[in-house]
Amino acid sequence: MAKASTEKAAVQPEYPITTMSVVAPIVGWLIPGAGHLLLKRYVRGVLLMISVVAMFFIGLGMNGRVYGPNGGDILEMLGFVGDVGSGVFYFLARIMEWGQAPAATAIADYGKTFLIVAGLLNFIAAADAHHIALGKKP
Amino acid sequence: MTLNLTHFSAAVVFALFASVVFGITQRNTMIDQFKYGLYCFALFVGGVFLAGWAMWLLRR
């Protein structure tokens with residue numbers, strides 16, 4: 001009896017996947033901070049949204065380059081991966097053709113870094129929303 | 001419109017937003033998140049000053 005219950009406990013995952021644990025990170029990726037808002041972590045969600053969106057638009061304001069999908073240089077591919085982390089703001093920038101000017105100044109180079117890091121930070125925020133939805137984090 | 005931030009102000013703005021995200025995502029309780037955010041911010045800005053002085057010394 002005790003052995004059977006032990007085996008059952010071993011089979012059951014500690015943090016079972018729920019619908020919200022899948023939906024929250026996807027929503028959080030598409031709209032920065034929205035995953036946390038969906039999980040009723042309003043203060044965290046708003047702070048994450050302000051941080052990621054501000055970094056993204058400051059990067060654009062500094063004439064940072066927005067990378068498109070590409071299969072060339074490894075750094076350009078990684079730039080795309082970072083940029084796409086900003087979710088709808090990345091797609092908006094691509095549609096509106098923002099950030100297409102070549103980086104001719106040091107400021108534009110900083111802007112490019114802001115854009116990439118905004119996306120990468122949003123990936124971290126989306127992973128955090130996943131952990132909250134699973135119950136691993138309060 | 002172009003934002004013309006100096007290298008230092010760009011680094012401080014970067015440090016501020018990155019520290020907020022690190023604080024929220026890497027710690028569990030609100031007070032720990034605040035402390036860790038401040039810690040990250042201090043490291044970022046401290047690193048800027050250290051790197052700045054190191055470059056000044058190298059230039060001499």
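Any value given below was found using the heavy atoms of this structure, including those in side chains, with hydrogens, waters and symmetry copies removed. Since the model is a prediction, treat every value here as computed from it, not as a measurement. Each chain gets a letter, A, B and so on, in the order the sequences are listed, and its residues count up from 1.
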Test item: N70(A) side-chain N/O and E76(A) main-chain N/O as donor-acceptor pair under 3.5 Å: yes
Centroid separation Y67(A) to Y90(A) less than 6.0 Å: no
Y36(B) and F22(B) aromatic centres sub-6.0 Å: no
Top contributor to chain B interface from V117(A), I50(A), V52(A) [non-hydrogen pairs under 4.5 Å]: V117(A)
Closest-packed option against chain B by number of heavy-atom pairs under 4.5 Å, given L121(A), T105(A), I107(A): L121(A)
Side chain, backbone, both or neither of A11(B) within contact of chain A (heavy atoms, under 4.5 Å): neither
Interface moiety of Q26(B) toward chain A, non-hydrogen atoms closer than 4.5 Å: both
Side chain to side chain contact (heavy atoms under 4.5 Å, CB included) between Y110(A) and L5(B), worked out: CA-CA 9 Å; Y110(A) 304 156; L5(B) 297 179; over 6 Å; no
Part of I58(A) lying under 4.5 Å from any heavy atom of chain B: both
I124(A) portion near chain B, given a 4.5 angstrom heavy-atom threshold: both
For N28(B) against R44(A), the heavy-atom pair lying closest together: O-NH2, 3.9 Å
